[in-house]
Structures are given as structure tokens and as C-alpha cells.
Protein chains: 2
Amino acid sequence: MSEIQRPGALYQQVAAAIRDAILAGEFPPGASLPSEAQLIQRYGVSRPTVRNAVSALRAEGLIDVQHGKGSFVRATGQPVVTVERRITRTAAGRFATHDGVEWEQAEEPSVHRTETTAATGRALGLGEGEEMFGCDRLLTDPATGARALHRVLIPLATAEGTPLAQAPDTEPAAAYELLTAAGHTLTWTETVQARMPLPDERTALQIPDATPILHTTRITRGTDDQPLLLEELRISADRAQVAYRITAEKAPARRAHA
Amino acid sequence: MSEIQRPGALYQQVAAAIRDAILAGEFPPGASLPSEAQLIQRYGVSRPTVRNAVSALRAEGLIDVQHGKGSFVRATGQPVVTVERRITRTAAGRFATHDGVEWEQAEEPSVHRTETTAATGRALGLGEGEEMFGCDRLLTDPATGARALHRVLIPLATAEGTPLAQAPDTEPAAAYELLTAAGHTLTWTETVQARMPLPDERTALQIPDATPILHTTRITRGTDDQPLLLEELRISADRAQVAYRITAEKAPARRAHA
DNA sequence: GGACGTCACTCGTCCTTACGAGTTATGAGT
DNA sequence: ACTCATAACTCGTAAGGACGAGTGACGTCC
């Protein structure tokens, strides 16, 4: 039934028909889709064609497929965490990183020594293969269940002569205070990248199909704009977004753009 | 030949074998992979299996497949644009948005009237279905060829009584000046999301397989923290990253986190 | 009543065959 | 020498069949 024939390939027509049915509410979020056998009957096509169509919807992130159980419409509008990337400082000089999320540590922090990679080395102004302290944390937001991978990298040059050398698992806000106490005036820049997750990130962050991760990299610089500290935060992009405040900087006029 | 049998499904073994060959340098970036027919011979499997393996590598973003031509190892380390999301203001009160990228307009700005969607409406504090001015621009960075979709949405309430009502294609920096002249003190917040591209975004931004887009949303607020203006920037995540400066805000202490 | 095995149902994998569609090189014709 | 049709590649789509593997419910057996 359901004479379909409009746009392109057959499987795309089937995919479009299923997509329309989902969007029309025939299959509400969380509901199970008809089985492959039923779709074959319903649209009068072969199994490879049905599987191809289902596969396309899966790549779109519209449905989830579970072996032995069936296909299910992915729950939309699941709670999205907004991670505010802010730093506050009290009059007393105490720093706090204020994400707007009450992260909890899902595991003990994992402290280790690593070497710079191409990316982290460049960001920290170091050569490749230089040693650093590293501290990984798996964070969860109990309110929504969102997970995040947090990593702090401290070059040996930064830790030297400070309590950081003995406690590489110091939390960032405390590290800011130590560095300020050491005479630094701190500035921060943060870059945001998106990419498909690596296999270990998929499992650690419980990332579904067709979902990228947000990868933020915060560089703390001291006096002379010298990079002192690197923090990474990786989150599943379907569960979280990141937010920044922008303040107008006083600057000589350059050129405007679109 | 090439007796393969280690991990799981056949097509995964084939995919792993091809992946290893690529990483081992047998097929350097940009080089063409053996054709499907050759892979069938080489690994002694059927065409669906080969196609399944190739499809997996494609989903990983490791290769690109072109109809009629063949499969090619995706070039890595292509130039990545860092889009600095900054706003500057001269002593004379002139604003400039300073992205660190010299965007050029690839097409004429497309001006139209739209209605708020669920996402843009909530961000602007409006109900759904309210009318706005919209202006879309397709930008390119001549230095790297990166492309971006830029959109400005102006609620009618904001435009009313200002030159914006007659010129919805005003560039953001100029709009900031108009709003400041109208008595507003502006603040900006920007959220960053990542998701897989929609079909029209894929074509407009020339996004390859398995590549997400970065979607930034900047809200301009005036006096009373009332949302006045919304800007969106969408970029292919394999060509660009976005960057922010974070300044420590004076604030009463709350609680620190990891 | 509870434990366990079987069975029916789901999707996953793999094969064979066939044809369509895009690309490029070859060669004949002008 | 140039133009253009053809041929020989490439991947894309579609059908059919067969079996394996995970899941859950049902019914039997203890």
C-alpha cells in the first residue's frame, strides 16, 4: 500500500514516508516502529530497501534500533544542560568556576603523567612530547543524567615550586588562586570544537548514534600571556550546550564584518 | 587472500583491515582506495560486505566516496579556522564584531520575514509564531575556503521606531550602535551547540560525511535584560572552531565544582 | 510456585544477481 | 585537430534467499 514515488531512490522514499509518519505523530517519541517485516508489507519493498531506509533515519538521529527488540523513535526535547562557562571572583580573591550545573564526580579523579600531543602542545605553547601532569574526571549532572569528561593538564613548568606539583588533582578554581598567589594575573580563552566521538568517548559518555560531542579547551594564561593551564571538557552534544558571556572590549577600531 | 578473522562481523574485519592499511600508509591521504571489485578479490568477500565495510569507514569520517570515481582517503589536518567571537567598542562608541576571520559575502543577503520557532522564540523570550525580520548571509573565508551561514533575527518590537525596521539587513555591529543610540546598555550571551547538519546545510556549507556543524546563537540584551536581537552562525566543524575570552566576574561566592 | 527450556519474534550478517547512474578514456567521425 | 559517441570503468540501488544472534513470553517440568 501507501503508493510512494516522489523524490529519489526507493529507500529514500520509504525513509521519507516513515519520517513523515513520525513527525505526524503516528509514532510518538519512545514508541516502537513497525518491525522490518511489517515495513516490508506496508510499503511493498524488499528487506534491504527497508533496512537502508531505517539506516538512513538512524544516521539522522531520528530513531534508535535495538537488536532483538525493535526500532524506537528517539525521545526528542530531552533535557538539555546549558553549561555556562564562567569564572567568578569574590572580593576576597577566591575564584569559582560557575557552570550552572551541579556536577558530581562519578568516579575518583584519575591522576597521571602524560606527554603533550600535537593539539595540547600547540595550545600550551610547548613542543611535542613534553611531560605534564594530567587529571581526568568523569562528571555527571544528577538533575539530567548528562555526563562530561573533564581533564586538567598542568605543564611541569607551571607546577614547579607550587603546591600543584604535589596535588595535580587540584580543582581548577583552586589552581587559579594558587597561580594568582604566585603573582600571576590570569586571563582565559576557550575554544569550542565539535566532532564525532571516539569509541571510548562513546561508551564513557553514553553517546547515541549520529551524535557529535562538544569539546571545549580552556587555556589559562598568566603574566606575559604565557599559557599555564589547560582544561578540556567533553560532552555529548545531544545533552548539552555551552554558553559564554561576551563583553565589549575597548579597542582601536578595525573593520566590521557581517 | 589476506586471511582475516579476529574480532566480530566479517565486514568489521574488512573495515579494520582497510583502516589499518590506511593508517599504515599504504593509502596516503588523498589517494584512491581499491575499487569495490578489487576489495572483493583482495578479501574474498561479497560486494554487500565490502560496501558495508566501506560504509563504516565513511561513517567514521576516514574516507570519502564519490559516485563514479571511487573512494579516497580523507585529507587530514586541513586548515582550521578559529572564529573568535568578540565584540569591540571604540572610544567613539563604534562597535565592531571581530571574528579574526575576514568573511566575504558569497551571495546577496536574503531578507525575509519569519516567525519564531520553538528554539528562537524561547531564546528571544517570545511566544511561538510571532513575526520577526530575518536576514541570511552565506559567508566565505577566502583564506581557507571555509563557509558559514549567518542569520540575524530582529523581533518587530526591537525594530519598531528604529532604522532597523527599514533596513533589516543592517549588519550586527551597526545594529548594536543603533540600539545603544536608542538608550540601551547592551550585554551579550552566546550558546554553542553541535549537531549533525540538515540536508540544506550540508549542501550550502559543503559538509562531508560524518561531520557535525557548530551552531552558535548570540543574544543581544538591552536594558532590563530584555532580548533584542538574535544572531546565529553555523559552520562545518571540520573547518572551524569558535573561541571566546572569559573574564572573571566579580560575584558573591557560590560553590566551586570540578 | 518457581526454575528452566523452548519458541516466536526482533534485528544483524552474508551471499547472489541484476540493473541504473555518474565519470573518464578511447576512438571514430568530421 | 577538434567533436562527439561509445565503452569501460566507478559506485548506487534493488531484489531474493539464508542463517545467526539477542530478547521476551510462554509453557512445561520439578
Side-chain angles (χ1 to χ4, degrees), chain A residues 1-18 22 27 30-74 208-210, chain B residues 1-18 22 27 30-74 199 202-203 206 208-210:
Chain A
M1 55 162 292
S2 277
E3 292 300 322
I4 43 182
Q5 42 183 329
R6 299 326 306 278
L10 228 196
Y11 80 93
Q12 289 173 336
Q13 300 171 30
V14 173
I18 300 174
I22 292 175
F27 307 110
S32 76
L33 244 53
S35 72
E36 292 181 357
Q38 291 171 319
L39 292 174
I40 290 169
Q41 285 235 323
R42 174 165 177 164
Y43 297 111
V45 297
S46 71
R47 186 159 175 237
T49 303
V50 163
R51 283 187 61 78
N52 212 344
V54 168
S55 167
L57 297 175
R58 194 171 150 163
E60 290 177 24
L62 195 61
I63 64 174
D64 284 311
V65 180
Q66 286 174 283
H67 188 173
K69 300 180 73 172
S71 305
F72 303 87
V73 180
R74 186 176 288 184
D209 279 333
Chain B
M1 55 162 292
S2 278
E3 292 301 321
I4 44 183
Q5 43 182 329
R6 297 329 303 282
L10 228 197
Y11 79 93
Q12 289 173 335
Q13 300 172 29
V14 173
I18 300 175
I22 292 174
F27 307 110
S32 77
L33 244 52
S35 72
E36 292 181 357
Q38 291 170 318
L39 292 173
I40 290 169
Q41 286 236 323
R42 174 164 177 165
Y43 297 111
V45 297
S46 73
R47 185 155 174 239
T49 302
V50 163
R51 282 187 61 78
N52 211 343
V54 168
S55 166
L57 297 174
R58 196 170 149 162
E60 289 177 25
L62 196 61
I63 63 174
D64 285 311
V65 180
Q66 287 173 279
H67 189 176
K69 300 181 74 172
S71 306
F72 303 87
V73 180
R74 188 178 287 183
R202 285 202 55 158
T203 57
Q206 300 175 337
D209 280 332

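Letters go in sequence order (proteins before strands), and every chain restarts at 1. As the structure is a computational prediction, the values presented were derived from the model and not from experiment.
- Scored by the side chain to side chain donor-acceptor pair (under 3.5 Å) test, Q66(A) finds no partners at all (sequence neighbours excluded).
- The side-chain contact (heavy atoms from CB on, under 4.5 Å) search around S55(A) returns none, not counting sequence neighbours.
- D209(B) meets the side-chain contact (heavy atoms from CB on, under 4.5 Å) test with R58(B), R74(B), R202(B); sequence neighbours excluded.
- Chain B approaches DNA chain C within less than 4.0 angstrom (heavy atoms of the protein), and the contacting nucleotides run 5' to 3' from dT13(C) to dT24(C).
- With sequence neighbours excluded, the residues that form a side-chain contact (heavy atoms from CB on, under 4.5 Å) with L33(B) are I18(B), I22(B), F27(B), I63(B), S71(B), V73(B).
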| request: List the protein contact pattern of nucleotides 5-13 of chain D with one symbol per nucleotide (5' to 3'): B for base contact, S for sugar-phosphate-only contact, - for none; contact means a heavy-atom distance under 4.0 Å. | output: -----BBBB
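- With sequence neighbours excluded, the residues forming a side-chain contact (heavy atoms from CB on, under 4.5 Å) with S46(B) are P48(B), T49(B), listed by chain and number.
- Side chain of Q38(B) to main chain of S35(B): a donor-acceptor pair is present (N/O by atom type, distance under 3.5 Å, no hydrogens or angles).
- Contact of the R51(A) side chain with the V54(A) side chain is not registered, since no non-hydrogen atoms from C-beta on lie closer than 4.5 Å.
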